[in-house]
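Before any comments, here is the structure.
Here, residue 1 is the first one in the sequence, and each next residue gets the next number. Heavy-atom basis, side chains included; hydrogens, waters and symmetry copies ignored.
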Amino acid sequence: MRHETARLTTPTALRDVLAERLEDQPSDRELQEKAELAAEINQLKQEQDAVILGHNYMEPALFHTIPDYTGSSLELSRRAAEAEADTIVFCGVRFMAETAKILNPNKTVLLPAEEAGCSLAESISAADVRKLRERYPGVPVVTYVNTYADVKAESDICCTSSNAAAVVESLDSDTVIFIPDEYLAKNVAQQTNKDILFPQKRQHKDAEAAPAGGDGAPSDPDLIGWEGRCVVHDMFQVEDIEQARQEHPNTVVLAHPECSPEVVEAADHSGSTSSMIDYVENTDAESYLLLTECSMGDNILGENPDKNLLRMCWQRCPHMNQITLQDTRRNLAAGQYEIDVAEDTRRRALAAVERMLDIG
Ligand code: 13P
Ligand code: SF4
């Protein structure tokens, strides 16, 4: 989504935006400080010919003031591919900024917090993918975009939560390696009616429920998965949904596909972050329970104050939450932290990302 507020450069105008959109109203002094920071960032962007892309999980004060575009991983990859500005500032996590760099080798791409990672991206290395390829020769590798550039470079095609099933179905192969999100892989397997095998030694304490290549595992699997999990979406349980439905019988439950298949099955709708936003904006339920990163609920409320959103906020994404207005101002002014991807890695990763973008 394009945001006209990102062009505002006066604290007074930005203060009005924040006063209207922040659900938890900060004190006057805090409101003024945030508005001043946002005004400085929007001014710096114009001076430096920069565009800011902001993921749907950004904290509300940042989300409503400085990104020229907000969206899901897929939407922001598309925006990055079309970017005209000299500098792209990615208010999101490192793998997203790397994707922008993969698509724009001649532009400067900045990530405002150096350590903003992702538990899924950290769950797998390029060497792990090479080993999977050795074990399953000729089997195509689909890699979720929540991975680093060197892992994408070892892959045939990428996918996001918006297009994972379509990407798997686009491949003319009986077997597909799908990495690294265990739950997304299981959800895709269910959606496309495929069986799945996890060849790794199972690491998670609840893993006995799913066979890991031992008794009961499919001998000729359609999908070969990996055991990465998102630290946020792994927290949600079917009991949370049952309890919410007891307390709010007419609530509509939305779950991101990084949630377990049991949670997705118990929900009314599952889709990418933008798909969840569209669902809430275009339906008229008494209330909605969002099973995803909590800031997104605040951001939806900022733009749809009449909606009733229930959330479970015991686990914020520790990576997305590192991106603040303060750091964005400081690091845009200092031109850091610049994303660098080695050219050979970038070229190979680009092929996998472009193949995904071609699918739509
Ligand atoms: P989306 O691709 O749905 O925006 O999700 C990205 C993400 O990191 C979810 O945890
Ligand atoms: Fe990664 Fe989960 Fe954070 Fe998304 S919410 S960036 S998948 S850790």
Side-chain angles (χ1 to χ4, degrees), residues 1-8 13-26 30-31 34-35 37-38 41-42 51-76 79 89-93 96 112-113 116 118 160-162 230 232-233 236 251-256 258-259 269-283 285 287-328:
M1 182 199 254
R2 189 186 165 89
H3 292 259
E4 292 307 321
T5 46
R7 292 165 188 256
L8 300 173
L14 285 156
R15 199 189 145 113
D16 290 346
V17 171
L18 290 173
E20 188 192 303
R21 306 227 181 136
L22 294 192
E23 197 202 0
D24 295 328
Q25 277 296 309
E30 204 183 328
L31 207 57
K34 286 181 193 289
L37 277 170
I41 293 168
N42 288 345
V51 65
I52 295 190
L53 305 182
H55 188 262
N56 289 327
Y57 288 165
M58 286 297 99
E59 63 95 4
L62 187 155
F63 181 89
H64 292 299
T65 53
I66 62 166
D68 297 278
Y69 297 95
T70 57
S72 66
S73 304
L74 181 63
E75 289 168 336
L76 295 180
R79 291 291 175 201
V89 180
F90 218 113
C91 288
V93 290
M96 296 178 177
C118 167
T160 69
S161 61
S162 315
C230 162
V232 177
H233 295 95
F236 302 120
T251 202
V252 168
V253 181
L254 313 182
H256 194 275
E258 289 170 10
C259 293
H269 174 79
S270 176
S272 69
T273 54
S274 287
S275 149
M276 287 194 264
I277 295 173
D278 289 348
Y279 192 100
V280 173
E281 288 183 342
N282 296 310
T283 56
S287 66
Y288 300 86
L289 170 66
L290 287 189
L291 298 180
T292 195
E293 217 290 332
C294 243
S295 294
M296 200 175 89
D298 297 329
N299 296 338
I300 295 176
L301 277 177
E303 279 162 0
N304 304 271
D306 52 325
K307 299 283 180 183
N308 182 13
L309 296 189
L310 316 172
R311 277 155 291 153
M312 291 173 175
C313 291
W314 53 71
Q315 173 77 39
R316 311 300 296 250
C317 173
H319 309 288
M320 290 284 182
N321 275 284
Q322 288 189 34
I323 310 292
T324 60
L325 282 169
Q326 282 87 343
D327 285 353
T328 306

**OP:** Examine distances only and state if a side-chain atom of E258 and a backbone atom of C230 form a donor-acceptor pair shorter than 3.5 Å.
**Re:** no
Original post:
Sub-3.5 Å donor-acceptor pair from the side chain of T283 to the main-chain atoms of A285, do we have one?
Top reply: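 Absent.
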Subject >> Any side-chain donor near an acceptor of the partner, S274 and N56, under 3.5 Å >> reply: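 A donor-acceptor contact under 3.5 Å links the two side chains.
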Original post:
Side chains of D327 and Q322: donor-acceptor distance under 3.5 Å anywhere?
Top reply: no
Original post:
Would you call R79 and E75 a salt bridge, taking side-chain N to carboxylate O under 4.0 Å as the test?
Top reply: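 Salt bridge: no.
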**OP:** Output all residues satisfying side chain to side chain donor-acceptor pair (under 3.5 Å) with E4, sequence neighbours left out; order by chain, then residue number.
**Re:**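 Counting only residues at least two positions away or on another chain, E4 forms a side chain to side chain donor-acceptor pair (under 3.5 Å) with R2, R7.
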Subject >> With R21 via side chain to side chain donor-acceptor pair (under 3.5 Å) - residues at least two apart >> reply: none
**OP:** With side chain to side chain donor-acceptor pair (under 3.5 Å) as the test, would you mind laying out the steps for T251 and S287 before giving the verdict?
**Re:** CA-CA 5 Å; T251 202; S287 66; 2.9 Å; yes
Are any non-hydrogen side-chain atoms of [X] and [Y] less than 4.5 angstrom apart?
| X | Y | value |
| --- | --- | --- |
| T70 | F63 | yes |
| L53 | P67 | no |
| L31 | Q25 | yes |
| L291 | M312 | yes |
| I52 | Y69 | no |
| N321 | E293 | yes |

What's the shortest heavy-atom distance between [X] and [Y], and which atoms?
| X | Y | value |
| --- | --- | --- |
| L301 | K307 | CD2-O, 3.2 Å |
| S161 | H256 | OG-NE2, 3.6 Å |
| L8 | N42 | O-ND2, 2.8 Å |
| N299 | P60 | OD1-CA, 3.1 Å |
| I66 | A6 | O-CB, 3.6 Å |

Subject >> Intermediate values then yes/no, ring pair (Phe, Tyr, Trp, His ring centres under 6.0 Å), H55 and F90 >> reply: CA-CA 8 Å; H55 188 262; F90 218 113; 8.4 Å; no
**OP:** Identify which one of H3, E303, E20, E59 satisfies the side-chain contact (heavy atoms from CB on, under 4.5 Å) criterion when paired with H64.
**Re:**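 The single option meeting the side-chain contact (heavy atoms from CB on, under 4.5 Å) with H64 is E303.
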**OP:** Evaluate the criterion side chain to side chain contact (heavy atoms under 4.5 Å, CB included) for residue pair D298 and L22; output intermediate values, then yes/no.
**Re:** CA-CA 8 Å; D298 297 329; L22 294 192; over 6 Å; no
